[in-house]
There are 2 protein chains.
Amino acid sequence: MARTQGSHSDITGPRIDAAALRLFAQFGFAAVSMRQIAGEVGVQAGALYNYTPDKQTLLFRLMRGHMEELLAARAARDAPEADPLDRLRDFVRFHIRFHLERPDEVFIAYMELRNLSEENFAAIEALRRRYEDGLEAILRQGVAAGRFTVPDPKIATLAVIAMLNGVNTWYRSGGRLTLAEVETIYWDMVRKAVAA
Amino acid sequence: MARTQGSHSDITGPRIDAAALRLFAQFGFAAVSMRQIAGEVGVQAGALYNYTPDKQTLLFRLMRGHMEELLAARAARDAPEADPLDRLRDFVRFHIRFHLERPDEVFIAYMELRNLSEENFAAIEALRRRYEDGLEAILRQGVAAGRFTVPDPKIATLAVIAMLNGVNTWYRSGGRLTLAEVETIYWDMVRKAVAA
DNA sequence: AGGCTATCTGAACACGTGTTCAGATAAAAG
DNA sequence: CTTTTATCTGAACACGTGTTCAGATAGCCT
């Protein structure tokens, strides 16, 4: 089994992940070859197969790692007892910040789903739904408390997340707006969109 | 020059476009071969080169055709003299309907940009910006008239479009909601998000 | 009928693909 | 120092890639 005893390079695995992540995000999964990834790491293509059974599983592990980090980071912040408005604001700010910090992971997780096997696709979709359910719960809580007016919380969830994801397509740090300004603008729109 | 006189098959060009569109949307540009497209049409791969100089240009023509249809359809509907609220509502309804009617084109136009050459990429981006500018003009008109409160019309434009594009990822005709219901739900959210 | 020409075939070219594996390498364990 | 073991190399396998082009084909025009 790989990696059971320390040996020449305990950091090859992470370096493969980093190289694959960057290349997949830039050129697309199908357009990147195992030799290209290996070249970036400084090994031959065959060596990659000590770390992944095949190319598709390498992609899957990257996606799953990203989604699990997302869920863990979110769970560590959420305060289910708090005011719905506060929870929603925190969700918006968290989502924007977390995704802007990981543009490559986000890009891959949304664009390369069709390159997964059926089971792996289902696994990623399940993780994504868990994340969406977190937002939906906030919206339902706000509706129940009479603070939000949302005719269809499921659709509103998808609409809010789609809107927030859009930030990743245009935001560049050092650009016209600071991260804090972006957070404020989007929070204003979300707040108003669900307002009672 | 091709297609100057009617001959055995005046419909091969469109059939190639339709096959390429479907396959690119389903498997991705890089994962679809010219032989696969040709097979769908019922010709050999070499025959495709009577209709496109290369694979990438085939993709580009599909994208450009889609964007030009989008702009033309929008221009045919917009009424610059009308009330900003009416114009915005029409934009929302138009955008949802137009995009839901062309899921493959939309998918390709948003996912395969990185497979275009630099000039072709710039051409598509210019068309997209023209479309976005149409919405931005509506928002600015509404702000000037004191009907909307939008701190940054450029960002609001991108946010609204991102939100509306999200519909394509989940809507299925015959599902829980009718197209009219979807239009109403999204229009409510957009209206409130930009409300004065 | 005969020539013209747009279109298509089928083979070829040069190269890239994911994956496998016997043998080399070098670090850790005894 | 010797053995063990994880790791890597380098070549090979079987096949697929976009693209080109000489030659065949068949509909249109005179």
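All values derive from a computational prediction rather than experimental measurement. Note on naming: letters A, B, ... go to the chains in the order of the sequence lines (proteins, then strands), and numbering restarts at 1 for each one.
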- Task: For B/Val43 and for A/Gln56, locate the closest nucleotide of DNA chain C by heavy-atom distance; then report the residue assigned to the nucleotide nearer the 5' terminus.
- Result: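 Per heavy-atom nearest nucleotide, the more 5' residue is B/Val43.
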Could you check how far [atom1] of [X] sits from [atom2] of [N], rounded to whole Å?
X: B/Ile16; N: C/dC8; atom1: CD1; atom2: C1'; result: 11 Å
X: B/Asn50; N: C/dT5; atom1: CG; atom2: P; result: 16 Å
X: A/Tyr49; N: C/dT19; atom1: OH; atom2: C1'; result: 5 Å
X: B/Arg15; N: C/dC8; atom1: CZ; atom2: P; result: 10 Å
X: A/Lys55; N: C/dG16; atom1: NZ; atom2: P; result: 15 Å
X: A/Leu48; N: D/dC8; atom1: CG; atom2: P; result: 9 Å
X: B/Gln44; N: C/dT7; atom1: CD; atom2: P; result: 17 Å

- Query: Within 45 degrees of the axis of the six-membered ring of A/Tyr110 and under 6.0 Å from its centre: does A/Arg128 put its NZ or CZ there?
  - Reply: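 That pair qualifies as a cation-pi contact.
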- For A/Glu181, side chain to side chain contact (heavy atoms under 4.5 Å, CB included) partners two or more places apart: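 For A/Glu181, the residues satisfying side chain to side chain contact (heavy atoms under 4.5 Å, CB included) (neighbours in sequence not counted) are A/Leu177, A/Thr178.
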- Item | Residue list, side chain to side chain contact (heavy atoms under 4.5 Å, CB included) with B/Val160, at least two apart or on another chain |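 B/Val160 satisfies side chain to side chain contact (heavy atoms under 4.5 Å, CB included) with B/Leu135, B/Leu164, B/Val190 only.
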- Partners meeting ring pair (Phe, Tyr, Trp, His ring centres under 6.0 Å) with A/Phe24 (sequence neighbours left out): A/Phe29
- Task: Taking ring pair (Phe, Tyr, Trp, His ring centres under 6.0 Å) as the test, write out the residues that go with B/Phe94, two or more places apart.
- Result: B/Phe98
- Presence of A/Tyr51 side-chain N/O under 4.0 Å of D/dC8 phosphate oxygens OP1/OP2: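 The answer is yes; a side-chain N or O of A/Tyr51 sits under 4.0 Å from OP1 or OP2.
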- Message: Check the phosphate of D/dG18 against B/Thr52, side-chain N and O only, distance under 4.0 Å to OP1 or OP2. Yes or no?
- Response: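 No, because none of the side-chain N or O atoms of B/Thr52 sits under 4.0 Å from OP1 or OP2 of D/dG18.
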- Message: Give me each pair satisfying salt bridge (Lys or Arg N to Asp or Glu O under 4.0 Å) with a member in residues 39-60 of chain B, each pair once, sequence neighbours excluded.
- Response: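 Matches after skipping sequence neighbours: B/Arg22-B/Glu40.
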- Item | For DNA chain D, the residues among residues 29-42 of chain B that have a non-hydrogen atom under 4.0 Å from it |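 B/Val32, B/Ser33, B/Met34, B/Arg35 - these, ordered by number, are the residues of the stretch whose heavy atoms sit under 4.0 Å from the strand.
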